[in-house]
Amino acid sequence: MAKQYWLMKSEPDAFSIDDLIKAKGQTSHWDGVRNYQARNFIKNGMKVGDLAFFYHSSCKVPGIVGTVEIITPPQPDPSAFDPKSPYFDAKSTQTHPRWYMVDVKFKQKFNDPITLESLRMNPLLKGFTLLNKGNRLSVMPVSFAQWQTILKMMSSPKDK
DNA sequence: GCCAACGTTGGC
DNA sequence: GCCAACGTTGGC
């Protein structure tokens with residue numbers, strides 16, 4: 001099956017792309033997703049080798065800051081089993097796990113973030129899920145066309 | 001810090 | 001199964 005593309009949000013105060021760069025092997029669990037629609041994208045859609053944009057949300061300048069690679073199949077999110085974790089969910093059990101995660105590996109960090117504002121201004125991204133009014137999904141698919149469009153924004157001098 | 005928009009919960 | 005109340009997300 002062809003490679004799929006994704007966008008994954010994180011609050012940089014909790015986990016930033018620099019945290020991923022500093023992590024052992026530049027890899028990390030992408031845990032704590034507690035939304036069914038986002039969970040379904042992870043559980044039913046993600047495969048090893050897929051690529052994702054790393055998006056910083058709830059911060060001074062929201063935007064895409066780099067890319068990561070999916071390096072494990074979807075697996076039960078252990079933080080849901082841990083009573084001490086802020087992501088603990090008593091309704092998720094070992095036999096019937098409710099929440100899933102993948103591991104990601106750092107690929108690249110952009111010299112300058114591709115800001116939410118600049119994404120909104122790009123007419124080629126009309127209809128992109130991230131830009132939809134009221135969107136709150138923390139994991140969402142990105143079409144190959146959108147992926148290419150966004151990567152071009154990174155390399156274009158006029159966006160600097 | 002505000003608040004619009006959305007998702008979840010729980011009573012009925 | 002409806003829907004009001006509540007909690008959360010996330011841009012501004």
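Convention: sequence-line order gives letters A, B, ...; per-chain numbering from 1.
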Does the protein touch nucleotides 7-12 of chain C at the base, only the backbone, or not at all? Give it as B, S and - per nucleotide, heavy atoms under 4.0 Å.
BBBBS-
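- Identified under the side chain to side chain donor-acceptor pair (under 3.5 Å) test for residues 38-66 of chain A, with sequence neighbours left out: A:W6-A:D50, A:K47-A:D50.
- Using a 4.0 Å cut-off, no side-chain N or O of A:K133 falls inside it from OP1 or OP2 of B:dA4.
- Identified under the ring pair (Phe, Tyr, Trp, His ring centres under 6.0 Å) test for residues 102-143 of chain A, with sequence neighbours left out: none.
- A:Q26 places a side-chain N or O within 3.5 Å of a backbone atom of A:I21 that can act as its donor or acceptor partner.
- Near DNA chain B, defined here as any heavy-atom distance below 4.0 Å, there are no residues from residues 87-99 of chain A.
- Residue pairs meeting the side chain to side chain donor-acceptor pair (under 3.5 Å) criterion with at least one partner in residues 72-84 of chain A, sequence neighbours excluded, are A:R34-A:D77, A:R34-A:S79, A:T72-A:Q75, A:D77-A:S79.
- Under the side chain to side chain contact (heavy atoms under 4.5 Å, CB included) criterion, A:R136 pairs with no residue at all, not counting sequence neighbours.
- For the salt bridge (Lys or Arg N to Asp or Glu O under 4.0 Å) condition, the pairs that include at least one residue of residues 12-33 of chain A, sequence neighbours left out, are A:D18-A:K109.
- In this view, A:Q146 and A:S143 satisfy the side-chain hydrogen bond (donor to acceptor under 3.5 Å, both in side chains) rule, not counting sequence neighbours.
- For A:S92, the side chain to side chain contact (heavy atoms under 4.5 Å, CB included) partners two or more places apart in sequence, or in a different chain, are A:A80, A:F81, A:D89, A:P97, A:R98, A:W99.
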